[in-house]
Amino acid sequence: MSERWHVLGVGAIGGLFACRLQSSGADVTLLAREDGQPTRELIVKSDQVERFQFAQQNLLTSQQPLEHLLVCTKAWAVEAAVKAIAPRLSAHSAVVLLCNGMGLAEIVAPLIGEAQLVLGSTTSGCRRSTENELILSGEGSTQLGTLDHSAEPPPWLSCWHRGIPNLHWETDIRSVLLTKVSINAVINPLTAIHQVCNGDLLQSPLWEKTHALIAEVQLLLRSAHALDIAAALPERVRAVCESTAANHSSMRVDVERGARTEVDAIVGWLLRDLTPNPPATPLLSELFEAVRQQDHLSSSVG
Ligand code: PAF
C-alpha cells in the first residue's frame, strides 16, 4: 500500500515536495485553508513540463487521520496551522517541518503529542509563477534529521529517497539549520531592504555591508560556541550568492508583494534566542528593525 502524506503550506517548496512525493509513489493530499476544489493540479516546469493531480482537503474541517504530515508554511504561520490539525495526529504520525527560520521545533513539539518530529532544510530552487505553476531552477539537496540526533532514519525515508534528489539523513540537523539561518540572516534582509538580487551582495556598493554583516553573524555564532559554522560562513554566503546570483531572495519577494516576511524566525531568532548574552550587532539589528517596519506597513495597509 502506498504511503499517505498530507502537505500543509502549498507554496513553491510545499508544492514541489508534494509533486516529488507523488512521483515516488506516495498518496499525497494537499491541505488548504479555505474550502476550494476537491482536487488541484500542480505543474512543474524545468527542462520538461510535468503535471500532477492531487486531492485537496480543508485543513479546518477535514477529520481524516494524518499519518505523515509535511509542513512547508511560512515560519509565522506554523503554530496556528499545526494547532488546527494537531487533533488528527497520533503516536504513529510523523511531522516533517521544512520551513525557514529557527525556533519552530520548540513551538511545534508541544503541540503534536507523541507524533515524531523531523526537521528539514532544502536548497531546492523553486518559485511559483502562477497559483498552480512551479518553476524549478535547481534540484538542490535536502537534509532531514531529529533534534535528538537519531542516527536511525524513519521507515518512510525510502519513499522520500525515490522521489527527492540528493536527500540525506543528518544526525546533527540543528547545525544544518543554524548554518542555513545564518546564511539567510546575511542575504535576506540586505536584498529585501536594498531590493537587489542575491549576486549584487558580492559587488560594489553593497559588498562592504555584506562583509560587515557576515562579521556580526560570526560574532553571534562564536558567542554560542558554533565555531565551525562561524568559520565557514563567509565562504557559504559567497557560494550561495554566486549560485543564486540572479534570484530574488524570499524576503525581497515578500517585501515587494507587501506580504509578511519571515524576519522574526530568521534574524529575530538569532538576535534574541541564539545566545544568552548576545554581542552588539548594530547593522543586523538595524536591518531587523527596517524589515519589521516594512512588515508593520504591509499589515496596516492590508
Ligand atoms: O530565502 C531565500 O531566498 C533562500 O534561502 C536564499 C538562500 C537566500 C537564496 O535566495
Side-chain angles (χ1 to χ4, degrees), residues 9 11-17 71-78 97-104 119-129 134-144 164 166 173-203 206-207 209-211 213-214 216-218 221 229 232-270 283-284 287-288 290-292 294-295 298:
I13 292 297
L16 175 66
F17 275 73
V71 181
C72 298
T73 59
K74 290 283 189 185
W76 48 263
V78 167
L97 273 189
L98 196 59
C99 302
N100 285 329
M102 293 288 276
L104 300 176
L119 308 177
S121 171
T122 185
T123 59
S124 307
C126 189
R127 68 181 171 85
R128 239 175 5 165
S129 57
L134 308 169
I135 313 288
L136 182 66
S137 54
E139 298 282 19
S141 62
T142 300
Q143 290 148 297
L144 297 178
I164 293 155
N166 310 317
I173 193 71
R174 189 177 185 278
S175 292
V176 172
L177 297 176
L178 187 54
T179 301
K180 176 144 201 271
V181 89
S182 304
I183 296 169
N184 283 343
V186 175
I187 298 177
N188 291 26
L190 260 187
T191 51
I193 292 301
H194 293 277
Q195 294 285 296
V196 293
C197 294
N198 296 350
D200 294 330
L201 299 189
L202 302 179
Q203 317 287 336
L206 280 173
W207 167 241
K209 266 197 178 166
T210 310
H211 188 69
L213 205 50
I214 292 172
E216 288 191 0
V217 176
Q218 283 180 304
L221 289 166
I229 298 175
L233 189 64
E235 178 49 29
R236 296 298 300 269
V237 169
R238 195 192 55 74
V240 173
C241 286
E242 277 179 357
S243 63
T244 63
N247 290 11
H248 294 194
S249 75
S250 52
M251 200 172 286
R252 175 181 175 184
V253 172
D254 286 339
V255 167
E256 270 169 352
R257 286 190 185 146
R260 182 169 169 187
T261 71
E262 298 178 294
V263 76
D264 196 60
I266 298 173
V267 183
W269 183 87
L270 277 175
L283 183 55
L284 188 62
L287 282 165
F288 178 51
V291 178
R292 283 211 324 172
Q294 295 286 333
D295 278 353
S298 48

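Note: hydrogens, waters and symmetry copies are ignored here, and every other heavy atom, side chains too, is used. Indexing begins at 1, ligand by ligand and atom by atom, following the structure's order.
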So if I count the atoms of ligand 1 from 1 in the order they appear, which ones are less than 4.0 Å from some heavy atom of [X]?
{"X": "Ile187", "answer": "8 (C)"}
{"X": "Val240", "answer": "7 (C)"}
{"X": "Asn198", "answer": "9 (C), 10 (O)"}
{"X": "Ser249", "answer": "3 (O), 10 (O)"}

Taking atom 2 (C) of ligand 1 as the reference point, the nearest protein heavy atom with its distance: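 Of every protein heavy atom, Ser250 OG, 3.3 Å lies nearest to atom 2 (C) of ligand 1.
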Arg128 atom CZ, over 12 foreign heavy atoms within 6.0 Å: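 For Arg128, atom CZ is crowded (more than 12 foreign heavy atoms under 6.0 Å).
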Side chain proximity check, Thr191 to Asp200, heavy atoms < 4.5 angstrom: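 No, their side chains stay 4.5 Å or more apart.
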From Glu216 atom CD to Leu284 atom CG, the distance as rounded to the nearest 0.5 Å: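 Between Glu216 CD and Leu284 CG, I get 6.0 Å after rounding to 0.5 Å.
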Heavy-atom pair with the smallest gap, counting every atom of Cys99 and Val78: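 Reported closest heavy-atom pair: SG-CG2, 3.8 Å.
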Option set Asn184, Thr122, Thr244, criterion heavy-atom distance to atom 6 (C) of ligand 1, minimum: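 When every heavy atom of Asn184, Thr122, Thr244 is considered, Asn184 comes closest to atom 6 (C) of ligand 1.
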Nearest candidate to atom 8 (C) of ligand 1, where distance is taken over non-hydrogen atoms, out of Ile266, Asn188, Asp254: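 Comparing heavy atoms across Ile266, Asn188, Asp254, the nearest one to atom 8 (C) of ligand 1 lies in Asn188.
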Test applied, side chain to side chain contact (heavy atoms under 4.5 Å, CB included); reference residue, Asn100; option that passes from Asn184, Leu177, Asn188: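 Filter result, single survivor: Asn184.
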Exam field: side chain Glu262 to backbone Gly101, donor-acceptor pair closer than 3.5 Å: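 No: the side chain of Glu262 does not pair with the backbone of Gly101.
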Ile183 heavy atom under 4.0 Å from ligand 1: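 The answer is no, since Ile183 has no heavy atom less than 4.0 Å from ligand 1.
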